[in-house]
There are 2 protein chains.
Amino acid sequence: MGKVLTMPFEGSIENLAATTAPQDVSLEDAATFDVLRKMREDILCCVLKPDQKLRFGELRQRYGTSVGTLREALSHLVSEGLARTEAGRGFQVAPISLADFLDLSELRVYLETRTLADAIRHGTDAWEAEIVSSYFLLNKLAPPRQDDPVSVKREWGKRHKRFHDSLVATCRSPWSLHFRSELFDQARRYHWLTMIHARSRRRNEHLDLRDAVLARDVDLACGLIEKHIRTTVQQAASEVPGLTLDMAKRKKA
Amino acid sequence: MGKVLTMPFEGSIENLAATTAPQDVSLEDAATFDVLRKMREDILCCVLKPDQKLRFGELRQRYGTSVGTLREALSHLVSEGLARTEAGRGFQVAPISLADFLDLSELRVYLETRTLADAIRHGTDAWEAEIVSSYFLLNKLAPPRQDDPVSVKREWGKRHKRFHDSLVATCRSPWSLHFRSELFDQARRYHWLTMIHARSRRRNEHLDLRDAVLARDVDLACGLIEKHIRTTVQQAASEVPGLTLDMAKRKKA
DNA sequence: TGTAAACGGATTTTCGAAACTTTTGGAAAT
DNA sequence: ATTTCCAAAAGTTTCGAAAATCCGTTTACA
């Protein structure tokens, strides 16, 4: 199979910046997207719990908006995989399961390493600066524990995402970045549960990761992030009570 | 970066069937999804052309539906990457570019081979039967040429997708399948353009693919599909007039 | 002549009421 | 006691009108 496009993105044109891959809707400022963003955050943080029914009446009150706008936002969440719907019987929060977490984590390993490798190869000074800065902000906040207020947890989540985003920011494949981001969000739901139930405490993997990336050590950095992802899955599997049971529950239905 | 991911999904749990990954919205039967399906098809077939402005007035007439419903469908298309929007100034069909096609094709190679390999390893009799059947239907129709009526082109597109879907149907990773499907659709837009302008004619790659898959020859089948994808990109790059120029046009804006 | 403010038509965005569907609960029949 | 049916209630889906916004053009002013 002729090795036409062997190196990832090698055949691509220089300016890949503004291109076709799906829009990151979060950047919009209209009211619809406000609601969407809030709802997404609430699902990710399990304020809206897995399998929970999403009734228009309640949501309308909660987010102070109309049915139409809500519907649009919900529809969006469905295509992101954070909600489900069946015609005629409304929406609910997407379920979680260990099988799902394993599946998405496997893909994540590929996408995170792929994007990270490319980002490191094309990193700029500004990229390095943002990594330093976002790590600093992340490190300033201790990882939240079960009894921390929600606002603290939210803030930590935001900084955590910003740090990981900054690492891959200079990757030149918009599609890889897009899917990476979607899966990263998905993983946040499980990550959240893990933190809440966490018995064991993990050492600061982010620092190692930061240094490997800044040293432009592709292999080391990719290895670290791979381990980072896999460890989280294993921790969740062993420490989150609901996760393994879910499967049995689902079989009955 | 270490070849950790050698056996895909090896860590996963047996029953991955009904799980969490995003819903294939096309299966719904409500009116909203009808519109969505139709619009998606029209974008994929370039009836609605890249960069074209999507005004509510026209669309309402074309699809015979209300503003609200349209909005929901459009919103969906944005998150699939088939349309774009900027708050306050409506929607337009997503642009196309060679860079985008290259990018998405690279990811496709990975996702198609990953899903195909797993599907072959877990293929059943029913899976084989569906492959035989969908290939038969695809083969019955000659690949459309520029002057064929749209309905013929549509039908061929449908059978083409069904064939490729059937190949990977028994893959046990819902997330991989989901992203594969999204990228497959994206590629259809470019594929379409290629067929319209095609000077050269390609031999029947689908037959080889079918036989390799039915023979359960993972390496051969993956090699074939990889070549299938890469060849299409190269053909598009050399034979579709608009594609390379697009970049220049975009730079001015 | 060039720049800025103001206007008007076109378009998008938001909203809640009306139509429709599913679910619930209770009464009648098996 | 269980099933079947019906009607009321709860919830969802669709719609088009009203409000907000944008864009091109004209008008006012330096």
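What you are looking at is a predicted structure, and each value in this text was computed from that prediction instead of being measured. Proteins get letters first, then strands, A, B, ... in listed order; numbering begins at 1 in each.
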Check against side-chain hydrogen bond (donor to acceptor under 3.5 Å, both in side chains), A:Y190 and A:D100: CA-CA 10 Å; A:Y190 295 95; A:D100 178 60; 2.5 Å; yes
Flag yes if more than 12 heavy atoms outside A:K53 fall under 6.0 Å of its NZ atom; otherwise flag no. yes
Report the residue (B:F56 or B:G68) whose heavy-atom-nearest nucleotide on DNA chain C is the more 5′ of the two. B:F56
Over how many whole Å does the gap from [X] atom [atom1] to [N] atom [atom2] extend?
{"X": "A:Q92", "N": "D:dG11", "atom1": "CD", "atom2": "C1'", "answer": "14 Å"}
{"X": "B:R55", "N": "D:dC23", "atom1": "CZ", "atom2": "C1'", "answer": "12 Å"}
{"X": "B:E72", "N": "D:dT12", "atom1": "CD", "atom2": "P", "answer": "13 Å"}
{"X": "B:E86", "N": "D:dT21", "atom1": "CD", "atom2": "P", "answer": "16 Å"}
{"X": "B:L36", "N": "D:dT13", "atom1": "CG", "atom2": "C1'", "answer": "15 Å"}

Are any of the side-chain nitrogens in [X] or [Y] under 4.0 Å away from the carboxylate oxygens of its partner?
{"X": "A:R37", "Y": "A:D34", "answer": "yes"}
{"X": "A:K38", "Y": "A:E41", "answer": "no"}
{"X": "A:E130", "Y": "A:R162", "answer": "yes"}
{"X": "A:R172", "Y": "A:D118", "answer": "yes"}

Enumerate the protein-to-nucleotides 18-20 of chain D contacts in which both atoms are nitrogen or oxygen and the separation is below 3.5 Å.
none

Heavy-atom distance under 4.5 Å between the side chains of A:E106 and B:R114, does that happen here? yes
Contacts of type salt bridge (charged side-chain N to carboxylate O under 4.0 Å, His left out), residue B:D165, not counting sequence neighbours: B:K161, B:R180
Give a yes/no answer on whether the side chain of [X] brings an N or O atom under 4.0 Å of OP1 or OP2 in [N].
{"X": "B:R89", "N": "D:dC23", "value": "yes"}
{"X": "B:K53", "N": "D:dC23", "value": "no"}
{"X": "B:T65", "N": "D:dT14", "value": "no"}

A:T170, A:L177, A:L167 screened by side chain to side chain contact (heavy atoms under 4.5 Å, CB included) with A:T115, the one that passes: A:L177
Over all strands shown, is B:L54 touching base, sugar-phosphate only, or nothing at heavy-atom distances under 4.0 angstrom? sugar-phosphate
Please identify the 5'-most and 3'-most nucleotides of DNA chain C with any atom under 4.0 angstrom from a heavy atom of chain B.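 Extent of the interface on DNA chain C: C:dT11 to C:dT14.
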